[in-house]
Structures are given as C-alpha cells and as structure tokens.
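Worksheet: one structure, shown below.
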Amino acid sequence: MAQRLVIENCSIATVDADDTEYASGHLVVAGNRIESLGPGRAPEGLENVVRRIDASGHLATPGLVNTHHHFYQWITRGLATDHNLFDWLVALYPTWARIDEPMVRAAAQGSLAMMARGGVTTAMDHHYVFPEGSGDLSGAIIRAARETGVRFTLARGSMDRSEKDGGLPPDFAVESLDGALAATEETVKQHHDASFDAMTQVAVAPCSPFSVSTELLRQGAELARRLGVRLHTHGSETVEEEKFCHELFGMGPTDYFESTGWLGEDVWMAHCVHMNDSDITAFARTRTGVAHCPSSNARLAAGIARVPDMLAAGVPVGLGVDGTASNESGELHTELRNALLINRLGAHREAALNARQALRLGTYGGAQVLGRAGETGSLEPGKLADLVLWKLDTLAHASIADPVTALVLGAAAPVTASFVGGRQIVEDGRLLTVDEDEIARSTRQQAQRLARIAAGG
C-alpha cells in the first residue's frame, strides 16, 4: 500500500478545467500521485498516513512549469545589459563558444536551484552551443536536473550556420548538419523517457531560423517525428528576425516554419513576439505552442507578445524564464507578475490578463506546451503530485484577501514546501536535495574561469 501524505487547512487553486478553488481545503498524496482533494479537512480513517502538514496561511497550487531556458547563461549574467537581441548575441557568442562540461554543469546547477526554490517542479533547458571538444554537455545538464529533483525536458539544440555562412556564432561553436542530427538522435535514445511519471524527456531543438540551415530544420522535424518526441525552437522574436526571413526565404517566420514541417501540436516555440493575425491563426489551427518570456522580451527590447490574442484563438501558451543572460533573476514565479503587467501595456490594456490566467500560463499552460498536461500542471486526482505551498500570511501578503491575487501581483511569495512526484525538494525556501551555498561558489568560480578564457587569459 502506498504511503500517504495529507495536507490540510490551505487555500487551493487547482487550475483544472473549471478553475476549481477551495478557500480552505485538503490534498491527499499517495505515492507519487494526487489521490484526492477537496474542501475542508481530509477524510477520517485514511490508512498508512506517514505525514500530515497543517498548511494554514498557505496557498497550494500546481508546481510551476518552465517552458524555455538556457542554463549555460547562468555564468554570463549581467553582460551586454543595454543591447537588443542581435547585438547581445554578437557580444556574447565569442564567450559562449568557450564553454565546457564543468562550466555547463555548474551553470545548470545554478539555474535549476534558483527555479526549484521558487516553485518550479518541471523545468526545461534549450541547450544549443556544443563547441568542439567541450565534453558531454547534455549528460552534465541531465545529471544536474536529476540531482535537483525536478522533472526535466532537455531540448537538445543545434546550430550549423556560423559566421562563414552569414550566421552569428563562431565557426568552431557550431556542428555539421549530419553531426547535429546524429548527436540529437543519440541523446534522445540515451535519455528520453516516454512514461507517465518520467523525470527526463528530450526534444529536438535546432536553435533559430538565423542560426540553422533550412535542411537542419526540415530533417530535425523528420527526426523528432520518427522518434516520437517534441520539437522546440525560437520563433518571431524580433523585427530583425522577420526581416531576415523575408530577405533570405521570401516569407515571414511562420510561413517559413510551416514550409519546413515546424507547425504542429508536437511543436512549441519561444517568444513569438512579432505575430500577425494570420500567424496566430496558423498556430491555433495546428495547435503549435508558445513559450512566453516577458522579462527577457523586455530586457532585450524585443516587444510585447500578443498573448491575449493567442489565448483567445486557442494557442497553447506557457511561461519561460529564458536564459539568465537576458533575465538575470532566473526565477519563474516572478514571470507570473511580469506576464500580467507587461501584457496590460499592450492593446488590450486592463483586460489583457488577470491573475488566474497568469497562474494558468505558469502551470497548466506550460504542461500543455511540453506535452505533459495529462500528467502535471493542475491539481487533480490521478495526476502526479507536483505541487507547491506558498506562504501568504506574512507582512508581504497577509492583507491581500484573495490568495491567487496575492501570489501573482504581490511580492515574490516564499515557498514553504515544494513536491515533485510526492517527494519534497524545498522546505522553507531552501533546497533539500543540493547544497545551495556550494552551487553559488562553483558557479562563481566557473563564471570567472570562463571570463579568463574568453579574454585569452
């Protein structure tokens, strides 16, 4: 018989299809699944209860789901802070091209730790920089996620368009077409787990239209569908990208993606800032997902994505931190607030998003775009016990009557407990699985080492 965990006396936002909420309710976890939940206290007479939590003053939500990130950038934070995307890439690629396995491992540990202590239970990393001789970078990232204890999708990226081909990365930082496809296939075969409670999954993820060849996009899509995994890339992030696609391919990014097999319910794209009505219609028709990264879009002055219009059309949308060289905090729970605020600066103003829509973006929406909405993203019986208890009875939140509004619009709420598959990984804002102080030291050391190497020292 599975061991049971009982959580009582908390507000609950289930983020189910009906947005069911309980002002004071309970959750029963059996093994790695949610067994039951509802209003009031848990039923009497439950067997094999090994722990009870009195969660008075807390809000329980699904764990947050991050849909776009670049972990390696943890060790290049705070650089090129006044650049747009293309200038920022030009400034940083020569440094990124020097990364190696110890650097990537430390950066992944830092990125994962920061997200996990802030309520993320499902993370992803789009890693696309594989310099020659840099070691087993994919393995290092996956090991870091396993140690942290979060559910994880590695979007195995690639680039084959370097400076000599009119791209931005240095020549030695890209792969050949055949090399990228072969390495991606090997990563999927070695690490992808298709099971319901999988802790590690892999997606096929050529970097962007301006850093990969058309053939890598086309064959990448064919590879992903042959292997039965998802596809991820950057799309429609800037006006410069749109101009690039029109000049090189004679069409906009969305039409270009469709021509290479890159629209579909197994695809999600990061940013999608510059989308016209027909682009949004195409995404909705094909159920192509979007990773909305509001802080990074603002930091790089990319623009305001049309999230309200996407949601109204039926496009699956989740939230992303994006790389921490363009979102130095590296936290997803702050993106709930930023998504709501930034979208209200757009055409829909105060009607753009509300607090519950923002929470849905960060939970169920993210699970949708990662292809895991049947397993996580909402609190429902039978789903994986990925959940967070947010402390809302302190000075920062106690006078905000509605707990969801407190979480989304208030200060960043402390995480009292975070569970992944019923296993607690955070207690009172500290990680239980890894040593945060040691990670801080190692990330600083590796950041300094990378800076010395990039400077020729």
Side-chain angles (χ1 to χ4, degrees), residues 13 15 17 19 61-62 64-69 85 120 124 126 232-239 241-242 252-254 257 263 265 267-323 326-327 331-371 373 377-378 404-405 407-409:
V15 199
D19 269 331
T61 72
L64 301 183
V65 179
N66 181 35
T67 63
H68 187 66
H69 210 316
L85 175 68
V120 169
M124 70 79 68
H126 185 193
H232 181 59
T233 191
H234 297 87
S236 300
E237 185 173 0
T238 64
V239 290
E241 178 190 328
E242 179 149 1
T254 299
F257 282 128
L263 295 185
E265 60 183 3
V267 180
W268 85 104
M269 297 191 198
H271 303 295
C272 299
V273 175
H274 297 278
M275 302 266 283
N276 59 34
D277 289 348
S278 65
D279 295 330
I280 292 174
T281 298
F283 271 56
R285 169 175 49 81
T286 57
R287 300 290 293 166
T288 304
V290 171
H292 176 45
C293 305
S295 294
S296 176
N297 292 345
R299 156 80 149 83
L300 295 173
I304 302 172
R306 296 174 58 186
V307 172
D309 296 329
M310 295 179 194
L311 294 175
V315 176
V317 183
L319 289 183
V321 171
D322 204 5
S326 67
N327 177 358
E331 298 176 300
L332 191 69
H333 60 307
T334 55
E335 298 302 304
L336 301 174
R337 186 173 194 261
N338 290 344
L340 187 154
L341 296 180
I342 288 175
N343 279 282
R344 287 190 179 184
L345 295 175
H348 295 274
R349 301 180 63 186
E350 70 276 7
L353 287 178
N354 61 39
R356 282 161 178 81
Q357 288 173 306
L359 177 59
R360 179 171 289 274
L361 289 177
T363 54
Y364 187 81
Q368 270 188 303
V369 304
L370 293 185
S378 60
V404 176
T405 296
L407 175 65
V408 173
L409 281 177

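The model shown is predicted, which means the values in this text are computed figures rather than measured ones.
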Output the distance between atom [atom1] ([X]) and atom [atom2] ([Y]), rounded to the nearest 0.5 Å.
| X | Y | atom1 | atom2 | answer |
| --- | --- | --- | --- | --- |
| Leu341 | Leu409 | CG | CG | 6.0 Å |
| Thr363 | Leu336 | OG1 | CG | 8.0 Å |
| Arg337 | Leu407 | CZ | CG | 11.5 Å |
| Asn338 | Ser296 | CG | OG | 11.5 Å |
| Leu359 | Leu353 | CG | CG | 12.0 Å |

Exercise for the section: List in chain and number order the residues that pass side chain to side chain contact (heavy atoms under 4.5 Å, CB included) with Ala298, two or more places apart in sequence or in another chain; answer none if no residue qualifies. Expected result: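 Counting only residues at least two positions away or on another chain, Ala298 forms a side chain to side chain contact (heavy atoms under 4.5 Å, CB included) with Ile342.
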
Any [X] side-chain heavy atom under 4.5 Å of [Y] side chain:
| X | Y | answer |
| --- | --- | --- |
| Arg306 | Asp277 | yes |
| His292 | Asn343 | yes |
| Phe283 | Met310 | no |
| Glu242 | Pro253 | yes |

Any sub-3.5 Å donor-acceptor pair from Arg287's side-chain atoms to Gly314's backbone N or O?
->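 A pair under 3.5 Å: yes.
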
### Message
Quick one: does any side-chain atom of Thr67 pair with a main-chain N or O of Leu319 as donor and acceptor, under 3.5 Å?
### Response
yes

Check: Asp19 pairs by side-chain hydrogen bond (donor to acceptor under 3.5 Å, both in side chains) with which of Gln357, Arg356, Arg360?
Finding: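 Filter result, single survivor: Arg360.
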
Will you find, in the side chains of His271 and Asn297, an N or O donor that is under 3.5 Å from an N or O acceptor? yes

Item to check | Asn327-His69 side chain donor-acceptor pair, cut-off 3.5 Å | outcome: no

Closest contact, heavy atoms only, [X] versus [Y]:
| X | Y | result |
| --- | --- | --- |
| Ala302 | Thr238 | CB-CG2, 4.3 Å |
| Glu335 | Glu331 | CG-O, 3.7 Å |
| Thr288 | Pro316 | O-CD, 3.6 Å |
| Leu263 | Val267 | C-CG2, 4.1 Å |
| Leu332 | Leu64 | CD2-CB, 3.8 Å |
| Val408 | Ala355 | CG2-O, 3.5 Å |

- Query: Which word best sums up how the rings of Trp268 and His232 line up, parallel for under 30°, tilted for 30 to 60°, or perpendicular for over 60°?
  - Reply: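 Trp268 vs His232 ring planes: parallel.
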
